[in-house]
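See structure below.
For this chain, numbers begin at 1 and follow the sequence in order. Ligands are counted one by one from 1 in listed order, and the atoms in each one are counted from 1 as well.
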Amino acid sequence: MSLPFREPAKKSLGQHFLHERGIVEKILLAVDPRPGDRLVEIGPGQGAMTFPLLDRHGALTAIEFDRDLLAPLTEQARAHGDLTLIHADVLDVDFTALAGEGGPIRLVGNLPYNLSSPILFHALEHAAGGAAIRDMHFMLQKEVVERMAAGPGSKVYGRLSVMLQAYCQVTALFSVAPGAFRPPPKVDSAVVRLVPRPTEAVGIRDARRFSDLVRAGFGQRRKTLRNALQAVCGAEEIAAAGIDPQARAEQLPVADFVRLANQTATP
Ligand code: SAM
């Protein structure tokens, strides 16, 4: 007998369970698992995506923080395939170790929205170069997906856009209305695909330097680069990289951030 999911959704864990089959199908189509792929789901919840992924692919690893969901997930998964459940905070999971020798993993998840940015930055730490993570398909607040995919000049272009786009190809796929979830979130959602670029294509010489520069640039986004970057590099260095020191970070393409970081990195 399968155990029912009796627990009410926990707001503190960002639990909004997907119930619209059509959306699950669209996610599956986007992920398009192939034989041999190593799928890892973040936050399986009550299995809305887990069980269809298992039906389709046969095996899956999932990381869930809510202890109360583990027994019913394990029990119900038996009818669908081979589920390896990891009870952990995803922010503590070392994706590089999880990938191990077996080749890059593919991350999938309807993420807890209260943790979206920390999860994205955590994944990015392991995604750089693509050796540990082949790609990621995430459901997030639509507003976050818009920030992730925004280009220079957009009001929502910021640190998240530059950091993610420097290391990954970011594609917003489709929007999802609140009614697709129980309970419905207060905001619209969207599904996004991130594909890590190979290290040569990223071209960043010093990851720390790049991250510091982007953080400083957008720390005071209304300031000119000359002022915003004062603590990290001088106006002459900005100009020497072919960038107008009077410009603002929100106008600067990702490639300019990379060039500036590389030219001002200590050898
Ligand atoms: N995938 C399910 C679905 O689509 O119906 C659930 C999605 S729900 C938005 C987010 C899931 O992430 C919940 O199951 C929640 O318990 C889990 N979660 C929240 N914080 C977590 C964390 N730090 N680490 C791992 N899982 C977490």
**Asked** In the protein, which heavy atom is nearest to atom 21 (C) of ligand 1, and how far is it?
**Response** Phe65 CB, 3.6 Å

**Request:** Return the orientation label for the Phe65 and His87 ring planes: parallel under 30°, perpendicular over 60°, tilted otherwise.
**Result:** tilted

**Complete:** Check: of Pro112, Gly14, Pro44, min heavy-atom distance to atom 8 (S) of ligand 1 comes from Gly14

**Asked** Can a salt bridge be assigned to the pair Asp256 and Arg259 using a cut-off of 4.0 Å between side-chain N and carboxylate O?
**Response** yes

**Prompt:** Mind checking whether Phe95 and Val90 have side chains closer than 4.5 Å, heavy atoms only?
**Reply:** yes

**Request:** May I ask you to check whether Gln46 has an N/O atom sitting below 3.5 Å from an N/O atom of ligand 1?
**Result:** no

**Message:** Under a 3.5 Å threshold, yes or no: a donor from one side chain and an acceptor from the other, between Gln141 and Ser189?
**Reply:** no

**Fill in**
Here the atoms of ligand 1 under 4.0 Å from any heavy atom belonging to Leu111 are 9 (C)

**Item:** Min side-chain heavy-atom separation Leu194-Asp135 under 4.5 Å
**Value:** no

**Asked** For Arg215, does the CZ atom have more than 12 heavy-atom neighbours from other residues, nucleotides or ligands under 6.0 Å away?
**Response** no

**Asked** Tell me: protein heavy atom nearest atom 5 (O) of ligand 1, and distance?
**Response** Leu18 N, 2.8 Å

**Asked** Can you check whether Met148's main-chain N or O pairs, donor with acceptor, with Gln165's side chain at less than 3.5 Å?
**Response** yes

**Request:** Please could you name the atoms of ligand 1 that Ala88 approaches to less than 4.0 Å, counting only its heavy atoms?
**Result:** 24 (N), 25 (C)

**Electrostatic pair Asp32-Arg106, nearest N-O below 4.0 angstrom** = no

**Complete:** Nearest non-hydrogen protein atom to atom 24 (N) of ligand 1, with distance, is Val90 N, 2.9 Å

**Message:** Could you identify the single nearest non-hydrogen protein atom to atom 19 (C) of ligand 1 and state the distance to 0.1 Å?
**Reply:** Leu13 O, 3.2 Å

**Asked** Would one find more than 12 heavy atoms of other residues, nucleotides or ligands at under 6.0 Å from atom CD of Gln169?
**Response** no

**Message:** Please list, in number order, the atoms of ligand 1 under 4.0 Å from a heavy atom of Leu115.
**Reply:** 23 (N)

**Asked** For ligand 1, which atoms, with element, lie under 4.0 Å from some heavy atom of Asp66?
**Response** 16 (O)

**Asked** For ligand 1, is there an N or O atom under 3.5 Å from any N or O atom of Phe17?
**Response** no

**Asked** Got the closest protein heavy atom to atom 14 (O) of ligand 1, with its distance?
**Response** Glu64 OE1, 2.8 Å

**Message:** What I'd like to find out is whether the side chain of Tyr157 reaches to under 4.5 Å of the side chain of Val254, using heavy atoms alone.
**Reply:** yes

**Complete:** shortest atom 3 (C) of ligand 1-to-protein heavy-atom contact is with Asn110 ND2, 3.5 Å

**Prompt:** Under a 4.0 Å heavy-atom limit, does Ile42 contact ligand 1 with its side chain, its backbone, both, or neither?
**Reply:** neither

**Complete:** Honestly, for Glu41 the part within reach of ligand 1 (heavy atoms, under 4.0 Å) is side chain

**Prompt:** Counting N and O atoms only, with roles assigned by atom type, does the side chain of Gln251 sit under 3.5 Å from a partner on the main chain of Arg248, one being a donor and the other an acceptor?
**Reply:** yes

**Item:** Protein residue, atom and distance nearest to atom 23 (N) of ligand 1, heavy-atom basis
**Value:** Asp89 OD1, 2.9 Å

**Prompt:** Which is closest to atom 1 (N) of ligand 1 by heavy-atom distance: Gly43, Gly47, Ala48?
**Reply:** Gly43

